[in-house]
Each structure stands twice: as structure tokens, then as C-alpha cells.
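As C-alpha cells, the structure follows; a few thoughts come after it.
All values reported here derive from a predicted model rather than from experimental measurement.
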Amino acid sequence: MRLATTIITALAIALAACQPQPVGTASGRAHQADTGGSAAGDFGPPQGDPIHAVLTSAPVVPPSVDRDYPAKVIVDMEVRELDMEITEGVTYTFWTFGGTVPGSFIRIRQGDTVEFHLKNHPDSKMPHNIDLHAVTGPGGGASSSFTAPGHEAVFSFKALNQGLFVYHCATAPVGMHVANGMYGLILVEPPEGLPPVDKEFYVMQGEFYTVGKYREKGHQPFDMQKAIEENATYVLFNGSEGAMVGENAIKANVGDTVRLFVGNGGPNLVSSFHVIGEIFDKVFQEGGTRYQENVQTTLVPAGGSAMTEFRVEVPGTFIIVDHSIFRAFNKGALGMLKVDGDDNLSVYSGKEVDNVYLGDKVAADELSIVSDVTQAEITGSATKEQRISAGRVLYNGTCSVCHQQNGEGLEGVFPPLANSDYLMADTRRAIEIVLNGLVGPVTVNGGPFNSVMPPMSQLNDDEIANILTFTLNTWGNEGDAISSDEVTEVRAATERPEGAAH
Amino acid sequence: MRVVFGIFVVVVLFTAPGQHSLASEFVHISGGEFRSVIPEGEDDNRVAVADFLVQEAPVTNAEFLRFVLHHPEWQRGRAVSLFVDDQYLSTWTSPISLGPQSGPQQPVTQVSWFAANGYCEWQNARLPSWYEWEYFAAASESMADARALPEWRQDILSWYSQAGGHRISDVRSGPANYYHVFDAHGLVWEWVDDFNAFMVTGDNREQGGADQLQFCGAGAITMEEKENYAVLMRVAMLSALEARYTTRNLGFRCVRQGEISQ
């Protein structure tokens, strides 16, 4: 955590020192007349043949409208209630528009008449509807689209206002429907369209409230009390912790102008949307018409949006976060933009920090190792080798941020685990440290360290046993396997200060 | 094979001695006064419920099959489309056989309000009113009214937290509640006689009330016991329906006035 903060600070300093591209005459529409709002948004009856809207799942955005007349646009949206992974080894029953969280992206032109078909899949348990913030009329379409399982509702509206709008389910209890992932974005382009850019992406934040703790394995039900208390278990981009990291990172090339359509479904939290190592050249705040320039962090309200544009000058991995920063590092609000291309040392010369952030994520194909050993643990047959493999995955996901992937730590900051006299001297102490953290001076392999390691309270006994078995048997270390019973015993025997996680 | 199975079921139904053993027993519910989530009047959400008898479990596929064999006009394909939608009894293999998708002891689903009403009439019974349903469904295993217990609510919410599409359990798989009623929660939604009255109630009370349950903020305006999401969601479900609708998770049970005949 501390390293991460250090890096963020370093990047901020580096960027503050560099010169952004020339501003030129880009003063936006600041001196233009207003758009006229909804009164100027009716371009008459729809013309031409009806068009079936192209719907896309995040992070993909449908192609631009590219049309100079108002049309009738048919939107077919199916509501599905689905068990899907919210993070590795944890499933959740999402209620979805179009089978994904966030729901399908809809892209139309101001003045279009939308014929909306909302289909509620026969397997659904719940009735659902849709409230589109792009609709002018009571309930935003909700009262017209209330649909029982196995049925379909059809309603029409004319999109009078341009902008980037949230849609969501508004069936009672509204909070629970939204908390289960029922939201998405609809873009109403201005008549002249949006200026072309090189890459467009769809990013939507939302938080989830589960009975179990963050990353507690298994199927996790919705927790109404936590939702009422606004005590989120997960804060996520695009519906799962892995949705925008590693292989799933969004990608661009040096020199590209990138446009992010950012939404926030909530249900409760507002987002301090930030891309580490970038500055938004333009932000259309709240998804509206005007833009602000040169913005570091933009606030995205729950049930609101923002459109950000920026040019990427240097290659590397740019981390997308909710800068309410504990959400990024402890609740999952983290995504990645990977930029390919040649270095531009005059703009940025620094150590590539990719690994640090990658370290917090686990590749999907490695997850089976962890779940296999969890299963074996239940049946009492987990072998030392299984523990080591699972521990490696977990270590890379949790510990390598500070102790480094090679176990060597950082001199004077993070103690080494490789060939570590301190680690190998006392395994019970090692369990205690993982459980409760460690504060204050220690000497490891002859070197002094005086730092803070937080308690790893998100890990269960099984995971701690795997991580320690891995570290005790890697990088030249040779030790025993740790069982989860040993961890359970130490956990029970340790007094923790009030307020510390269990 | 399916045909053979279907015939087998039919034969069993007609030849089994004591056909009543197939039907769900009625149990007696002592009426009383209780607080409903849907108030009757302006200020008072206490409603009185008279004594009644209720089927201890939702009507099963086997029971409903017996009904349509006696009343062919309620068979799939024959029922008037004003009274059923096109998914009516669609999980059965044929209009008169259940097939592998629909076990005899599973609750019958994909039935419309009209069809459910027809069944209950055939049983000299009727569908429960919302208040009757709410009354017996307020019970836990040990308490007549457990609605204030967080555990009771979380139990119900956890059923909502399972995606649909899985095979529905047989009736009476879980424990009976205080009144010896099974499956009030956690199995299927159930029709009530006055399922569409929520709208009317809303309308009577205030301007624009008719739509209130249907969109944002609805629950916050008219519902009593707002924290009782578990029941609120059932109301929302019922208010999404039309009387000819059928859904995969919607069944019913009947009630009757009077004493249990021995």
C-alpha cells in the first residue's frame, strides 16, 4: 500500500513536471450559444427504415451513429438473472440488462425515436423494468416497462436531450435491483455527432454488498443491511474484479486519443474517477455538453456519468481507479489501460511500474489451482505441492506488491522473504505476522527495517496456510507445510486490538 | 418413453385408492389482527383476518394434472387465450402428461390466475386474499409473526439471491411453519385472489399513486414496514402480473372458509 502510494506520488510529480500538449485554441464551446435543451431536440417524425440498435458489452462501445436525420431505433434488451464471478472464487447472483454488468451500451442520435423492447427471461424470479435517464416523462419509462418473468414490454420515447445517460432498473426495492447490477449507459449523440477519436471505451462503476467479506470464497448472497449502511464489500469497474485487468485491460497505442464513457451505477457511492499517470484533456462533466479541460480527477455521481478524453503520450500501464483510494486497493475499484508504442523519454522517463499493479491481480487460468486446493482442504487431502502452487498464486496476488515477486523485498523498506533468517526462525511468528501485521524495527538477514505491514485480514486460514507454505519452500527456503488448522489455532490464540479485523 | 411415462401417471392417478392422499391437506389458521405491509386505510395498517383453512403446500403438478383431466377445458391448447398466455403449462410434455421437466410433487407453475381460480373452485375453495397469504406466511417455524426477525428476512432474501433456472424442489422439502404450512417462502411465488388490488389501493389514496409500485421511490412512499424488503418484493412481483400471465416460478394454493371436515 505504501509503495503504491509512493508510486502514485512519483507519477504525479513526474506529470506535473512535464508539459502537456499545447493547448492551442481549444476553448471548447464556452462562448457558444446553448444547445436549446429538450425544446430544440425534436427534429420531427422518424425517417427511413427502422434501425436495430447495436448493443455492446463493456468495455466495447457501439460505432458512432453517423446519420443526419432522426430515425426510429429499435432496442431489444433482455433481462437475465445470472450467477457470475465477482472475483476469483467468489460468485454472486447478478441481475443484468443483456447478460452483463454493466448492461449493454446503447448509442443513438438526439431526436431519434426509440422503440424499447424489454424482455424478462422466463428463468427470472423477479419482475423488472427500466428507467432511462434519457427519457423525458414520468418514471423515465419505468412504469411502461414493468415486466413479469417470461414476458415483454414495449414502449417508445423520443430522445430530446443530448448527453451520456444512465439507465437502471427501478422495480421495488429499487436499491436491491441496482445493487445487483441493473444499470448501464445510453449515449444520445448531438445531431452533428461526436468528434472522432482513436479509441472509445465503456467503463461503469458500481458497488456490491455481500454477506461474506471481501474475497471470501463461495457464493455470496446480497446483504441488505450492509447496503442500507452503505458499507460496500466490493467497488468495481465493469462488474467484476478482473473485468479490466491483465488480459482484460483496455488497450491503446501511443499517440491515440482515448475517450472513456464513464458511468456510475451506485447504488450508493459517488466515484472519484482517476487514471493514474494521465490527465484528462477534456471532461464532459456529468455527461453533459460543456467540457472542462486538464482535469486530474472527476466526480461521477451515483446515477450519473462523465465523458473523458485524453491523448496517450507514452507506453505503459495506466491504472484506472476510484481515487477514494481504499476502494481501489481493498475493494477492487481498479482497472488498466495498456498503451503500446515507443518510449518518449522526453515526456516520461521512469521505471515501469506494471508489475506492482499486476501483482495484485491473478490471471484467470491460475484460479483453478487455488480452488483445487481449497477443495482438497475440505476433504483433508491437500498436499504440500498443492499448497505451494496455490500459495504462489495468492502470494503474487497479495504479497508481491511489497515483498516482490522474487521474495527479495526492497532494501531498507520491505524485508526479504527469500533466504530469510527471520522468516525461517519461527513459523508461528510468521503466521502471527500475516494475521496481525507487524509494526516497528526488525533485523532481517543483517539489515534493519522499520516499517508497517498491515494485518492481512482479507485472507482466510486456508489462504494464509498456502501462502506461508509457498514462502517457506521457495527461493532457497526449505521448510514444512503449514496447515490451515495451525493458522486457525494461532488466530484463536491471539488477542487483537478492538476494531482490528477478525 | 415419454408417452409411456405419461400414461403411467394417468393410470396411477385414476387407480390409486384414496385419491385424497394425493391432494394437499388443508390446515386450520386461527384469524386475528396484524399489521400488513399494505395498509387498508389512511392511518391504520392493522387488518383483521377471519379464521380460514389453507392448503399446507402449494398445488403440485400431479394435483393439477388431475384437475385438467377432469376439466379438459383447462388443458394446454384448449384453455381460452383470454385466460392463459402462450406459456401456460409449457413445462409439461403434453397437455395431459407431466414428463421429466415436471415432477409430480413439484409445485405446478406456468399457471394463470384464471386457471388457479378454476382449480380452487373445483376444490370447493378459492385463492387466498393477500392479507390471508401475508398472515400465514408471516410465521417462522416457531413464531406466528416472525417478520421483525432479521434472520427470517435474510432467509427469504437468500432465496431471491439464487438465480432462477434451477430445478424447483418438491413441495414440503423444507420445514413447516408455525401453522404447519409448508413452502410459504423459498419455493415459488403464489397467486393471491386480489393480486391486482395493490394498484387500486394506491390510486384511492393519492394522486398518481397507481404507478407508485412500478418505479423509483415507490417503496418509500406507500409501503409500511419499509425495511421489510422480503415482503415488498413479493408485492412487486404480484403487481407485475396480469391475470392471464404465467411464469416459471409462480404457483398457488387454495383456501377455504370453515372447519376441517374429518
Residue part contacting chain B, namely of Val211(A), when any heavy atom lies under 4.5 Å:
side chain

So which atom in Ala240(B) and which in Ala148(A) form the shortest heavy-atom distance, rounded to 0.1 Å?
O-CB, 3.7 Å

Closest heavy-atom pair, Asp123(A) versus Asn249(B), reported as atoms and distance to 0.1 Å, is O-ND2, 3.8 Å

Interatomic spacing from OG1 in Thr246(B) to NE2 in His151(A) - rounded to 0.5 Å:
5.5 Å

Heavy-atom nearest pair, Lys125(A) first then Met237(B), reads O-SD, 3.7 Å

Could you look at His128(A) and say if it's the side chain, the backbone, both or neither that has a heavy atom under 4.5 Å from chain B?
neither

Looking only at heavy atoms, which two atoms of Phe222(A) and Gln154(B) are closest? And how far apart?
O-NE2, 3.4 Å

Per-residue contact mode, Trp189(B) against chain A (heavy atom under 4.5 angstrom)
side chain

